[in-house]
Amino acid sequence: MAKKECAGREGAGYAEEAGYAAGAEHAEDEVRLTLRERKKLRTRQRISAEATLLFMGRGFDNVTVAEVARAAEVSTMTVFNYFPRKEDLFLFLDRIPEGHELITRAVRDRGPDETPLAALRRMSLELLAQRHPLGAVGEGFEHFWRTVLDSPALRARAREAVEEIEHTLAGLLAEAAGEDPGRPGRGSRLAAALIIAGLRAVHVEAAGRQLAGDPVDDVAAGQEEVLRRTFDALERALPDGGLGGG
């Protein structure tokens with residue numbers, strides 16, 4: 001059996017659990033959805049989970065959207081209705097909208113005496129503790145990382161996603177500083193770039209350790225310390241906590 005196929009089968013359980021059970025993470029939010037909205041959410045989750053199983057088993061570039069549609073028991077048009085880009089079918093990249101939502105919620109719903117940077121520190125530590133996919137550490141995550149590394153298209157999409165989140169954060173920091181979020185100033189853009197660069201470095205380290213076979217609990221413990229040190233450094237670089245604007 002090919003090495004890639006073995007990895008795909010080993011990671012299948014993780015993909016199924018993360019995809020089909022994803023609704024459990026947002027059970028309270030789902031209760032507020034209409035029946036039609038819940039059906040759409042579950043269809044989206046099923047498509048992404050089936051696509052991820054195929055990508056991990058055979059490689060992203062070797063799977064067509066038509067094959068994903070057949071596996072998810074929907075039409076190819078339905079797949080494109082939910083995912084305009086093939087890259088966004090992959091489970092981790094399917095989390096990009098959630099990443100924007102989490103960052104937005106952290107900054108906008110922070111406590112009255114909490115800076116945006118402090119709120120992002122709290123959010124990042126919570127994601128790590130939850131073994132959330134966006135926290136970068138969890139059982140079986142190495143299979144997802146390996147699939148991304150094996151595909152130039154997925155790597156390019158991941159880089160683009162980081163740029164998109166940085167743009168979102170710049171707007172949020174401008175808004176928090178009382179500026180126009182649609183036209184963040186130099187200060188907000190620089191703060192966002194520093195914060196996202198720090199988080200990216202933390203995620204890359206987590207991925208590298210998991211790919212090397214380090215136990216997940218050891219990686220998580222190390223990443224907590226890395227996260228704290230990263231945010232300590234960011235606080236020294238941004239003493240205003242991201243509220244400088246300008």
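All values below were derived from every heavy atom in this structure, side-chain atoms included, with hydrogens, water molecules and symmetry-related copies excluded. Positions are given from 1, in the same order as the sequence printed here.
With salt bridges taken as basic N to acidic carboxylate O contacts below 4.0 Å, none links E225 and R228. Under 4.0 Å is where a charged nitrogen must lie from a carboxylate oxygen, and between D217 and R131 at least one such pair does. Looking at R105 and E101, a side-chain N of the basic residue comes within less than 4.0 Å of a carboxylate O on the acidic one, giving a salt bridge. Look at R146 and E142 and you find no salt bridge, because none of the NZ, NE, NH1 or NH2 atoms lies under 4.0 Å from a carboxylate O.
A cation-pi geometry, defined here as NZ or CZ lying under 6.0 Å from the six-membered ring centre and within 45° of its normal, does not hold between K86 and F80.
The closest side-chain heavy-atom distance from S188 to L172 is not below 4.5 Å. Side-chain contact between R70 and T76 is absent, with no heavy-atom pair separated by less than 4.5 Å. Looking at heavy atoms from C-beta onward, L199 lies out of side-chain contact with T230 at the 4.5 angstrom threshold. In this structure, R200 and H203 have side chains that are not in contact, with every pair of non-hydrogen atoms separated by 4.5 Å or more.
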After noting the C-alpha distance and the side-chain angles of H132 and E98, does the key distance pass the side chain to side chain donor-acceptor pair (under 3.5 Å) rule? CA-CA 11 Å; H132 190 287; E98 185 181 357; 2.8 Å; yes

Can F83 and S48 be said to form a side-chain contact (heavy atoms from CB on, under 4.5 Å), step by step? CA-CA 9 Å; F83 301 92; S48 179; 4.0 Å; yes

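Heavy atoms of other residues, nucleotides or ligands lying less than 6.0 angstrom from CD of E73 number 12 at most. A 6.0 Å sphere centred on NE2 of H100 holds more than 12 heavy atoms belonging to other residues, nucleotides or ligands. Atom CZ of R85 has more than 12 heavy atoms from other residues, nucleotides or ligands within 6.0 Å. In R122, the CZ atom is crowded: over 12 heavy atoms of neighbouring residues, nucleotides or ligands sit closer than 6.0 Å.
The distance from the CG atom of L238 to the CZ atom of F231 is 10.5 Å, given to the nearest 0.5 Å. Atom NE2 of H143 is separated from atom OG1 of T52 by 13.0 Å, given to the nearest 0.5 angstrom. Considering CD of E205 and CG of L227, their distance stands at 9.5 Å, rounded to 0.5 Å. Atom CG of L93 is separated from atom CZ of F144 by 11.0 Å, given to the nearest 0.5 angstrom. The CZ atom of F60 sits 5.0 Å away from the CZ atom of F55 when rounded to the nearest 0.5 Å. Once rounded to the nearest 0.5 Å, the distance linking OG of S124 with CG of L102 reads 10.0 Å.
Linking Ile, Leu, Val, Met, Phe, Trp and Tyr whenever their side-chain heavy atoms come within less than 4.5 Å leaves I165 and V204 in two separate clusters.
Contact between A106 and L120 at its shortest, heavy atoms only, is CB-CD2, 4.3 Å. A pairwise comparison of heavy atoms in P116 and L243 identifies CD-CG, 3.6 Å as the closest pair. Heavy atoms only, all atoms of each residue included: R110 and A119 are closest at CB-CB, 3.7 Å. Taking every heavy atom of both residues into account, M56 and T147 meet most closely at CG-OG1, 3.3 Å. What you find for Q223 and V202 is that their closest heavy atoms are NE2-O, 2.8 Å. Closest heavy-atom contact between A136 and Q210: O-NE2, 2.8 Å.
Residue pairs that meet the salt bridge (Lys or Arg N to Asp or Glu O under 4.0 Å) test with at least one member in residues 234-246, sequence neighbours left out, are R121-E235. The salt bridge (Lys or Arg N to Asp or Glu O under 4.0 Å) analysis of residues 166-192, with sequence neighbours excluded, yields the pairs R108-E175.
A salt bridge (Lys or Arg N to Asp or Glu O under 4.0 Å) with R157 is found for one member of E164, E163, E87 and no other, namely E164.
Distance alone, capped at 3.5 Å, is enough to place a donor-acceptor pair between the R44 side chain and the Y82 backbone. Of the possible donor and acceptor atoms, none in the side chain of E50 sits under 3.5 Å from a partner among the backbone N and O of I47.
With sequence neighbours excluded, the residues forming a side chain to side chain contact (heavy atoms under 4.5 Å, CB included) with R159 are R155, A156, listed by chain and number.
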